[in-house]
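Some notes on the structure that comes next.
Keep in mind that what you see is a predicted model, and the values were worked out from it rather than measured.
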Amino acid sequence: MPNDINEPSTGSTSSSALPVYKIGILGGGGSYEAQDPDARATAEAAMLAAQEANNKFPVSITNGGTGATSVYPTKDTGEDGTTIKKGSRDLLEVEYDAQLVLGIYEGRDLNEVFADEISGYTSDAEWFNARINAGDFTGIRIFDYFDITLTDSKVFRYRVAAIDPYLHCMDTEITKHHIIMVPDQVWPDSVVWNTTNTNQGTASEKHPYLASNLHRWEVNTFYALLPTKWKNVLATHRMLLEERYSTAGAQSNATSWSWTDVGKVFSLSETEVYGQIVWGTNNGYSVGTDCHFATFFQNTKQRIRRNHADQRYHWWLRSAAGSYATHACFVYIGGIAGYYAASHAGVRALPCFRVGV
């Protein structure tokens with residue numbers, strides 16, 4: 001019976017057979033064989049290259065990665081032909097993938113990682129928008145973040161939650177590359193979904209979310225507090241939203257849906273957070289074109305949000321609750337899905353936005 005092709009023969013061999021060289025890789029963790037001097041030289045070169053790459057791994061994987069050297073070019077060309085400057089990267093892609101799988105990737109401050117690139121722009125927001133416009137997301141990862149200081153001095157950590165989730169979607173095609181940004185912190189004060197216990201639309205605004213106090217607060221109060229450099233790079237987001245209105249009286253489920261602009265600040269939906277309808281309208285209208293931000297919300301703990309005092313808080317979703325004419329959906333302090341009366345004061349707002357103009 002013939003021997004395994006990867007093992008040297010133990011039977012009679014030709015006198016012209018060459019010796020077998022066994023080369024170890026990365027401290028003997030793996031090996032391969034070369035049966036002539038030229039192949040051995042190639043194998044040894046490959047081994048040295050592998051060892052060199054291994055030495056670039058960060059010392060720690062618990063702090064976003066430290067110690068790896070740059071493995072990317074300093075410049076590249078974006079989709080629109082413009083030259084994009086690159087910064088050093090401190091975490092190898094394979095290590096990043098491993099951390100994502102384990103759920104331990106903590107994200108990196110993009111101002112630090114790309115300081116060399118950002119120095120060539122008027123602001124971090126301008127650099128971020130330029131990268132997005134060029135479709136160049138190299139080195140930008142889900143969970144990476146910016147710390148944004150509002151004009152009232154509150155600081156919110158906004159993370160990359162989804163990259164191009166709605167590219168080429170909607171009735172009016174979204175042709176711009178984009179990134180959805182979601183904060184770590186809830187708004188510190190109470191923002192009720194509605195000032196009265198109703199999740200209904202109105203005759204003039206049939207979409208319950210757009211008719212809500214929550215959305216009015218997002219576009220009128222929170223947006224005004226954003227620094228100008230960030231206002232300048234936010235896109236007006238478009239969605240297929242549920243309608244809930246009838247002249248016959250209050251409705252306990254959506255009555256239809258339609259395309260609409262929601263402005264530059266918005267709340268997430270059940271589908272974007274959970275990947276499915278949980279307590280929302282179950283007749284399909286509350287899903288629209290929404291998709292699950294699966295990497296960002298891959299497990300329950302990643303749905304948990306806190307205030308600036310590190311206390312867990314419930315936070316509102318834009319989805320009106322199904323089977324009720326008075327409730328709206330929210331994320332419970334422990335990350336599970338729930339619903340509350342629309343005027344409940346114990347739930348906080350989590351204002352999100354889309355960058356890319």
Would you say [X] and [Y] are hydrophobically clustered, going by side-chain heavy atoms of ILVMFWY under 4.5 Å?
X      : Y      : value
Leu210 : Tyr285 : yes
Ile140 : Tyr105 : yes
Phe266 : Met181 : yes
Tyr158 : Val182 : yes
Val265 : Val192 : no

Side chains of [X] and [Y], heavy atoms from C-beta outward: is any pair under 4.5 Å?
X      : Y      : value
Phe137 : Ile179 : yes
Arg306 : Gln311 : no
Leu226 : Leu150 : yes
Trp315 : Ser267 : no
Val357 : Lys176 : no
Val331 : Arg305 : no
Phe222 : Val191 : no
Lys206 : Ser258 : no

Shortest non-hydrogen contact from [X] to [Y]?
X      : Y      : answer
Ala130 : Tyr121 : CB-CE2, 3.8 Å
Trp217 : Ala349 : CZ3-CB, 3.6 Å
Thr122 : Glu126 : N-OE1, 2.7 Å
Ser286 : Gly280 : OG-C, 4.2 Å
Pro183 : Pro351 : CD-O, 3.4 Å
Gly356 : Ile132 : CA-CG2, 4.0 Å

Sidechain-backbone polar pair: [X] side chain, [Y] backbone, donor-acceptor under 3.5 Å:
X      : Y      : value
Asp136 : Arg131 : no
Gln302 : Asn299 : yes
Arg244 : Gln200 : no
His292 : Val273 : yes
Asp124 : Asn111 : no
His178 : Val355 : no
Glu270 : Val278 : yes
Arg348 : Ala345 : yes
Asn199 : Tyr324 : yes
Trp193 : Leu317 : yes

> When you look at Val160 and Arg141, which way does the side-chain contact (heavy atoms from CB on, under 4.5 Å) test go after all the steps?
Replying inline: CA-CA 7 Å; Val160 174; Arg141 298 157 180 160; over 6 Å; no
>> Could you tell me if Arg354 sits above the aromatic ring of Tyr166, with its cationic atom closer than 6.0 Å to the ring centre and no more than 45 degrees from the axis?
In response: no
>> As a quick check of understanding, evaluate side-chain contact (heavy atoms from CB on, under 4.5 Å) for Asp171 and Arg238, giving each step before the final call.
In response: CA-CA 9 Å; Asp171 59 333; Arg238 190 163 179 82; 2.6 Å; yes
> Is it the case that more than 12 heavy atoms not belonging to Tyr332 sit under 6.0 Å from its OH atom?
Replying inline: no
>> Just checking Lys264: does its NZ atom have more than 12 heavy atoms from other residues, nucleotides or ligands closer to it than 6.0 angstrom?
In response: yes
> Would Glu242 and Thr281 count as a side chain to side chain donor-acceptor pair (under 3.5 Å) if you check the C-alpha gap in whole Å, the side-chain angles of each, and the deciding distance to 0.1 Å?
Replying inline: CA-CA 9 Å; Glu242 66 175 298; Thr281 295; 3.3 Å; yes
> Checking side-chain contact (heavy atoms from CB on, under 4.5 Å) for the pair Thr196/Ser343: CA distance, chi angles, key distance, verdict?
Replying inline: CA-CA 5 Å; Thr196 60; Ser343 63; 5.8 Å; no
>> Before you tell me yes or no, could you show the steps for Leu268 and Phe293 under side-chain contact (heavy atoms from CB on, under 4.5 Å), namely the whole-Å CA-CA distance, both residues' side-chain angles and the distance that decides it to 0.1 Å?
In response: CA-CA 10 Å; Leu268 300 179; Phe293 299 162; 3.9 Å; yes
Going from [atom1] on [X] to [atom2] on [Y], what distance comes out if it is rounded to the nearest 0.5 angstrom?
X      : Y      : atom1 : atom2 : value
Asp144 : Glu106 : CG    : CD    : 12.0 Å
Leu350 : Asp184 : CG    : CG    : 9.0 Å
Leu234 : Phe353 : CG    : CZ    : 5.5 Å
Leu225 : Thr151 : CG    : OG1   : 4.5 Å
Tyr313 : Asn307 : OH    : CG    : 5.5 Å
Leu240 : Thr289 : CG    : OG1   : 5.5 Å

> Salt bridge or not for Asp109 and Arg157, using N-O below 4.0 Å?
Replying inline: no
> Do the charged groups of Arg318 and Asp290 touch, with an N to O distance under 4.0 Å?
Replying inline: yes
>> For His344 and Tyr340, take the angle between the two ring planes, folded into 0 to 90°, and tell me which bin it lands in: parallel under 30, tilted 30 to 60, perpendicular over 60.
In response: parallel
>> Does the plane of the ring in Phe156 sit parallel, tilted or perpendicular to the ring in Trp187? Use 30° and 60° as the thresholds.
In response: parallel
> Can the ring centres of His207 and Tyr245 be said to be less than 6.0 Å apart?
Replying inline: no
>> Can you confirm if the aromatic rings of Phe146 and Trp230 lie within a centre distance of less than 6.0 Å?
In response: yes
> Yes or no on side chain to side chain donor-acceptor pair (under 3.5 Å) for Tyr209 and Glu218, after CA distance, side-chain angles and deciding distance?
Replying inline: CA-CA 11 Å; Tyr209 169 59; Glu218 291 165 344; 2.5 Å; yes
